[in-house]
Amino acid sequence: MTDLDAAGLAAQHTWNTRYSEHTSTPHVAPVLRDYQHLLPRLGRALDLACGLGGNALCLAAHGLDTWAWDVSDVAVARVQNLAQQRGLTLHAEVRDVVAAPPAPASFDVIVVSRFLERALAPALMDALRPAGLFLYQTFTAVTVGEAYGPRNPAYRLAPQELLTLFRGLHVVVYREEGDIGDRTQGLRNEALLIAQKG
Ligand SMILES: C[S@@+](CC[C@H](N)C(=O)[O-])C[C@H]1O[C@@H](n2cnc3c(N)ncnc32)[C@H](O)[C@@H]1O
């Protein structure tokens with residue numbers, strides 16, 4: 001566990017409160033669920049801002065040496081329990097990823113879902129090892145149907161923004177369906193990017 005500064009403690013308090021009030025179950029983000037065939041067989045994987053760790057549990061079940069980091073100790077304790085219940089090994093740690101981003105060239109796979117901290121983009125690209133895979137999915141400013149996700153527009157992606165933020169990587173998959181066509185189908189309200197380090 002890293003020491004938390006004032007901003008980290010504030011984020012921890014906010015998210016601990018949410019996790020303590022809701023008994024939500026972990027989910028695997030479509031960016032990982034639907035593209036698992038792209039994962040390497042071996043290597044170190046990180047679920048950054050993991051929440052209840054649905055992505056981390058999936059990465060560990062795939063056989064990757066998996067880390068799950070989140071500022072909320074309530075969430076991290078739940079991830080540890082779930083991993084134990086499922087007989088999976090992973091390293092779940094309390095960590096403020098803004099104050100303490102991953103070290104350069106430290107992971108073969110990094111997954112981020114529903115967490116947007118734009119200033120972290122260079123550190124996340126640096127943290128990938130050569131040929132490392134980056135999977136990112138989060139909310140868009142364009143919404144369809146009943147709104148969910150953050151109310152603060154700063155936490156929603158502008159059109160094509162993931163492509164700009166991570167332009168140092170080679171794009172493998174990009175989906176941003178906006179409000180085009182039959183809005184009852186497809187991936188709506190979120191954009192996803194899978195990209196590889198050269
Ligand atoms: C919307 S939740 C998403 C959780 C998970 N990735 C998912 O898709 O279900 C955002 C998560 O970011 C975490 N978080 C917020 N600020 C953080 C920070 N500075 N460092 C690490 N985690 C943070 C919260 O604790 C919360 O679990």
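Residue indices begin at 1 and follow the sequence shown. If you're wondering where the values come from, they're calculated on a predicted model, not measured in any experiment.
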Undergrad: Checking one residue: Leu57. Which other hydrophobic residues are in its cluster under the side-chain 4.5 Å linking rule?
TA: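 Members alongside Leu57: Val79, Leu82, Leu88, Leu90.
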Undergrad: Kindly write out the residues that satisfy ring pair (Phe, Tyr, Trp, His ring centres under 6.0 Å) with His170, not counting sequence neighbours, or none if the list is empty.
TA: none
Undergrad: Are Leu192 and Leu157 linked, directly or through intermediate hydrophobic residues, by side-chain heavy-atom contacts shorter than 4.5 Å (ILVMFWY only)?
TA: no
Undergrad: Check whether any side-chain heavy atom of Arg175 sits under 4.5 Å from a side-chain heavy atom of Gln137, and report yes or no.
TA: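 Heavy-atom side-chain distance check fails, nothing below 4.5 Å.
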Undergrad: What pairs meet the salt bridge (Lys or Arg N to Asp or Glu O under 4.0 Å) rule with one or both residues in residues 139-158, with sequence neighbours excluded?
TA: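 The answer is none; no pair qualifies.
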Undergrad: According to ring pair (Phe, Tyr, Trp, His ring centres under 6.0 Å), who are the partners of Phe166, at least two apart in sequence or on a separate chain?
TA: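 Phe166: ring pair (Phe, Tyr, Trp, His ring centres under 6.0 Å) contacts with Phe134, Tyr136.
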Undergrad: Specify the closest pair of heavy atoms between Arg183 and Val144, including all atoms of both residues, with the distance to one decimal.
TA: CB-CG1, 3.5 Å
Undergrad: Which residue pairs satisfy the salt bridge (Lys or Arg N to Asp or Glu O under 4.0 Å) criterion with at least one member in residues 51-78, sequence neighbours excluded?
TA: none
Undergrad: Decide yes or no for Ile110 and Leu128: does some side-chain heavy atom of the first lie under 4.5 Å from some side-chain heavy atom of the second?
TA: yes
Undergrad: Does Leu193 reach the side chain of Glu176, with side-chain heavy atoms less than 4.5 Å apart?
TA: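 SC-SC contact between Leu193 and Glu176 ruled out.
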Undergrad: Pairs under 3.5 angstrom only: tabulate donor-acceptor contacts from the side chains of residues 25-45 to other protein residues two or more places apart or in another chain.
TA:
residue, atom, partner, partner atom, Å
Gln36, NE2, Arg33, O, 3.4
Arg44, NE, Ser106, O, 2.7
Arg44, NH2, Ser106, O, 3.4

Undergrad: Side-chain contact test, heavy atoms from C-beta onward, threshold under 4.5 Å: evaluate it for Leu59 versus Trp67 and give yes or no.
TA: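 When only atoms from C-beta onward are counted, Trp67 and Leu59 do not touch, as no gap falls below 4.5 Å.
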Undergrad: Show the nearest heavy-atom pair for residues Ala60 and Thr66, with the distance to one decimal.
TA: N-OG1, 3.3 Å
